[in-house]
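Letters A, B, ... mirror the listed sequences (proteins, then strands); counts begin at 1. Computed over heavy atoms, backbone and side chain alike; hydrogens, waters and symmetry mates excluded.
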Amino acid sequence: MTSEERKIIKDLTKCDFKEMHAYFMKKSEERKNWTKEQKQELKKENEKILEQYGYCLMDGHKQRVGNFKIEPPGLFRGRGDHPKMGKLKKRIMPEGVIINIGKDAKVPEAPEGHKWQKVTHDNKVSWLACWVENIQGSYKYVMLNPTSRLKGEKDWQKYETARKLKDCVKKIRGDYEQDWKSKEMRLRQRGVALYFIDKLALRAGHEKDEETADTVGCCSLRFEHIKLHSEWEDKENVVEFDFLGKDSVRYWNFVPVEKKVFKNLGLFMKGKQPGDDLFDRLTTTSLNKYLSELMDGLTAKVFRTYNASMTLQDQLSKLTEPEENVNAKVLSYNRANRAVAILCNHQRSVPKTFDKSMTNLQNKIAEKKKAIKEAKKEVKELKTQVKGSNDDKLKKQFEKKKAQVQRLQDQLFKLEVTATDKEENKEIALGTSKLNYLDPRITVAWCKKHEVPVEKVYNKTQREKFAWALDMAEKDFVF
DNA sequence: GATGAAACTTAGCATTTCTATT
DNA sequence: AATAGAAATGCTAAGTTTCATC
């Protein structure tokens, strides 16, 4: 609103937005009712746009660009209780866009009547274009698609760093346990924080300003975010975490900890009140500085990658039964993936259609069971008929029916596995960990060992993204 | 040490596309 | 061929990390 409008409108709850809402509902309804031809036409248009703007040439190789469309104007929502919710996100004009391109490359033309803010040739960064967004004043970048060589190499590097941590994690753990009894408060706090980051896969948690939603990570935990329970459900020294993390997703967990950790936390909280930092002597910068001294490339987030991938490997070996069929094995894989998602607190809201699709699935299962019952009955009948005759045709029919029963039973098993998987996955998101935390070489090696086609666990895009790991499938890789 | 710019990864949800079923 | 439901993809916000400057 303008300042004039703000004088008139002071309480949004007194505004009636029904007309606006109806307008957009109508728009979306209209779009839904487009004819097949119109939809085809739109699809073609989009393909043309992708062809023209969706690729770039990097070191002579054609690469897919990730986000080549400028973000359109609109109302900023933000996640959680965001102080800037509802602000107008302005349209970006070419005059606000910087182009980063090879020295000798042809610079794309700005839209007619406009100029780019600047054209640079910085080959030390990966972005192709950038602009400053008006809500937070932060930079937005046009970068390459995850399937690109550049991103793939970066991804591989990330997992190599995590693998390196494996060799020194024992020492690091020993060190931070020592720090729990240090004379210096700073070191005690660092020791406990690092223990949380390692054990619970918490994010680093840097300080944020008042202009963003109030969320925290490990280093920014405050007094009110934990509660100490000397006893809780027959366990001792339990820490209750309750805070909003990235994207305002709630982290709520009861964790039994070592006595020394428990006592230290009591110490850190002494004399403090809600609003005070739990780790007042610790910042992400100092923590990362310390970590980088322990191992080249080590930062707080490496622990998340490391523990996620280790959990996957560990759970895969525990859950996979070599004698089971492919569907059962895929369920085991998903369960291992799920263990990681739970560790990393990757939640999702229950899909709107969850109950309905669950019911549908149950109906299918019931139908299948009925079909099996009937087929079995027919098998039985045929069996008695076959016994009393020498009819080859009848015998063939009998064998065929038996095969059908087997097929139906396989289908039933698959449905039941799907239902179990779906139910267990109701409020858990697997995608994030699969895409960002799990070393694909573990997955690929598991597929090979257990004769599960890679397609069962990675879709097309994922296979493209992890092409570098799939290529290594010939070698037996152990994390 | 504090602060902010810069560049990159990670995140959940809405929309779009695909697939199976009728 | 139409349609519903599932799966894939797009979108862009929200993190982490590093580096420069005071």
Would you tabulate the nitrogen or oxygen pairs shorter than 3.5 Å linking the protein to nucleotides 20-22 of chain C?
none

Polar atom pairs between nucleotides 13-15 of chain B and protein, under 3.5 Å, N or O only, would you list them?
| residue | atom | partner | partner atom | Å |
| --- | --- | --- | --- | --- |
| dC13(B) | OP1 | Ser349(A) | OG | 3.2 |
| dC13(B) | OP2 | Ser349(A) | N | 3.4 |

Quick one: which protein N/O atoms are closer than 3.5 Å to N/O atoms of nucleotides 1-6 of chain C? Pair and distance per line, please.
| residue | atom | partner | partner atom | Å |
| --- | --- | --- | --- | --- |
| dG5(C) | OP2 | Lys356(A) | NZ | 2.9 |

Can you check nucleotides 17-22 of chain B for protein contacts, nitrogen or oxygen pairs under 3.5 Å, and list what you find?
| residue | atom | partner | partner atom | Å |
| --- | --- | --- | --- | --- |
| dC18(B) | OP2 | Lys43(A) | NZ | 3.4 |

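For Lys465(A) and Thr283(A), each mapped to the nucleotide of DNA chain B holding its nearest heavy atom, the one lying further toward the 5' end belongs to Thr283(A). Positionally, the nearest nucleotide of DNA chain B for Thr285(A) lies more toward the 5' end than for the other of Ser126(A) and Thr285(A). Position along DNA chain C of the nearest nucleotide to Gly297(A) versus Lys89(A) favours Lys89(A) as the more 5'-ward residue.
Between the side chains of Lys414(A) and Gln411(A), not a single donor N or O lies within less than 3.5 Å of an accepting N or O. A donor and an acceptor atom, one from each side chain of Ser126(A) and Lys154(A), are nowhere located under 3.5 Å apart. Side-chain contact, Tyr159(A) with Arg441(A): no donor N or O sits under 3.5 Å from an acceptor N or O. In this model, no donor atom of one side chain and acceptor atom of the other lie less than 3.5 Å apart for Gln189(A) and Asn264(A). Side-chain N/O atoms of Asn307(A) and Asp198(A) include a donor and acceptor closer than 3.5 Å. A side-chain N or O of Glu133(A) and one of Ser138(A) form a donor-acceptor pair less than 3.5 Å apart.
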Practice item. List the steps and the verdict of side-chain hydrogen bond (donor to acceptor under 3.5 Å, both in side chains) for Asp410(A) and Gln406(A). Key: CA-CA 6 Å; Asp410(A) 288 347; Gln406(A) 185 57 48; 3.2 Å; yes
**Study point:** Glu71(A) and Lys140(A): CA distance, side-chain angles, deciding distance, side chain to side chain contact (heavy atoms under 4.5 Å, CB included) verdict
**Key:** CA-CA 9 Å; Glu71(A) 293 173 18; Lys140(A) 296 274 188 165; 3.3 Å; yes
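The phosphate of dA8(C) (OP1 or OP2) has a side-chain N or O of Asn459(A) nearer than 4.0 angstrom. Distances shorter than 4.0 Å separate none of the side-chain N or O atoms of Tyr437(A) from OP1 or OP2 on dT9(B). For dT10(B), one of the phosphate oxygens OP1 or OP2 lies less than 4.0 angstrom from a side-chain nitrogen or oxygen of Lys158(A). In this model, the phosphate group of dA5(B) is not approached by any side-chain N or O of Ser138(A) to a distance below 4.0 Å at OP1 or OP2. Under 4.0 angstrom from either OP1 or OP2 of dT10(B) there lies no side-chain N or O belonging to His346(A).
A search for side chain to side chain donor-acceptor pair (under 3.5 Å) contacts involving Asp355(A) returns nothing, not counting sequence neighbours. With sequence neighbours excluded, the residues satisfying side chain to side chain contact (heavy atoms under 4.5 Å, CB included) with Cys218(A) are Ala193(A), Phe196(A), Ile197(A), Leu202(A), Phe279(A). In terms of the salt bridge (charged side-chain N to carboxylate O under 4.0 Å, His left out) criterion, Lys373(A) has no residue partners (sequence neighbours excluded). Residues forming a side chain to side chain contact (heavy atoms under 4.5 Å, CB included) with Gln362(A) (at least two apart in sequence, or on another chain): Met358(A), Ile365(A), Ala419(A). Residues that satisfy the side chain to side chain contact (heavy atoms under 4.5 Å, CB included) test with Trp127(A), not counting sequence neighbours, are Ile98(A), Asn100(A), Thr120(A), Val125(A), Cys130(A), Tyr141(A), Met143(A).
The backbone N or O of Asn253(A) lies less than 3.5 Å from no partner atom in the side chain of Glu240(A), so there is not a single donor-acceptor pair. With hydrogens and angles disregarded, no donor-acceptor distance shorter than 3.5 Å links the side chain of Gln315(A) to the backbone of Asn337(A). The backbone N or O of Leu88(A) lies less than 3.5 Å from a partner atom in the side chain of Asn134(A), making a donor-acceptor pair. Judged by distance alone, with hydrogens and angles left aside, the side-chain atoms of Lys208(A) form a donor-acceptor pair with the main-chain N or O of Ala213(A) at under 3.5 Å.
Between the C1' atom of dC8(B) and the NE2 atom of His206(A) lies a distance of 13 Å, rounded to the nearest Å. Per the geometry, CH2 belonging to Trp131(A) stands 14 Å off C1' belonging to dA7(B), to the nearest Å. Computed from coordinates, the Leu430(A) CG to dT10(B) P distance equals 17 Å when rounded to whole Å. As rounded to whole Å, 12 Å separates atom P of dC8(B) from atom CD of Gln157(A). Atom pair Asn288(A):CG and dC8(B):C1' shows a separation of 15 Å (rounding to whole Å applied). Regarding Asp296(A), its CG atom lies at a distance of 14 Å from the C1' atom of dT18(C), rounded to whole Å.
Taking only side-chain atoms of Tyr141(A), from C-beta outward, the nucleotide of dC8(B), dG15(C), dT10(B) with the closest atom is dC8(B).
No N or O donor and acceptor, one from the side chain of Lys154(A) and one from the base of dT9(B), sit under 3.5 Å apart.
Both cation-pi conditions hold for Arg190(A) and Tyr290(A): the charged atom is under 6.0 angstrom from the six-membered ring centre and inside a 45 degree cone around its axis.
At the heavy-atom level, Pro146(A) lies nowhere under 4.0 Å from the strands shown. Nucleic acid contact for Ser286(A): none, since no nucleic acid atom lies under 4.0 Å from a heavy atom of the residue. Here Ala300(A) lies in heavy-atom contact (under 4.0 Å) with sugar-phosphate atoms only. Heavy atoms of Arg304(A) sit under 4.0 angstrom from primed sugar atoms or phosphate atoms, though from no base atom. When heavy atoms are screened at a 4.0 angstrom cut-off, Lys151(A) is found touching the sugar-phosphate backbone but no base atom. Backbone-only engagement by Gly245(A) is indicated by non-hydrogen atom pairs under 4.0 Å involving sugar-phosphate atoms exclusively. Within the 4.0 angstrom heavy-atom criterion, no nucleotide atom of any strand lies near Lys434(A). Using a 4.0 Å heavy-atom distance criterion, Gly431(A) is classed as making no nucleic acid contact. Within the nucleic acid shown, Lys208(A) comes within 4.0 Å of sugar-phosphate atoms alone, with no base atom in reach, counting heavy atoms only. Looking at heavy-atom distances under 4.0 Å, Lys246(A) makes contact with a base.
Listed by residue number, the members of residues 183-196 of chain A with any heavy atom below 4.0 angstrom from DNA chain B form an empty set. Contact check of residues 61-71 of chain A against DNA chain C (heavy atom, cut-off under 4.0 Å) returns Arg64(A), Lys69(A), Glu71(A).
The aromatic rings of Phe243(A) and Tyr251(A) sit parallel, their planes meeting at an angle under 30°, below the 60° perpendicular limit.
Trp446(A) has its ring centre less than 6.0 Å from the ring centre of Tyr333(A).
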For residues 38-56 of chain A, run the donor-acceptor check on the side chains, cut-off 3.5 Å, and write out each pair with its distance to 0.1 Å, sequence neighbours left out.
| residue | atom | partner | partner atom | Å |
| --- | --- | --- | --- | --- |
| Gln38(A) | OE1 | Thr35(A) | N | 2.9 |
| Gln38(A) | OE1 | Thr35(A) | OG1 | 3.3 |
| Lys39(A) | NZ | Lys32(A) | O | 3.3 |

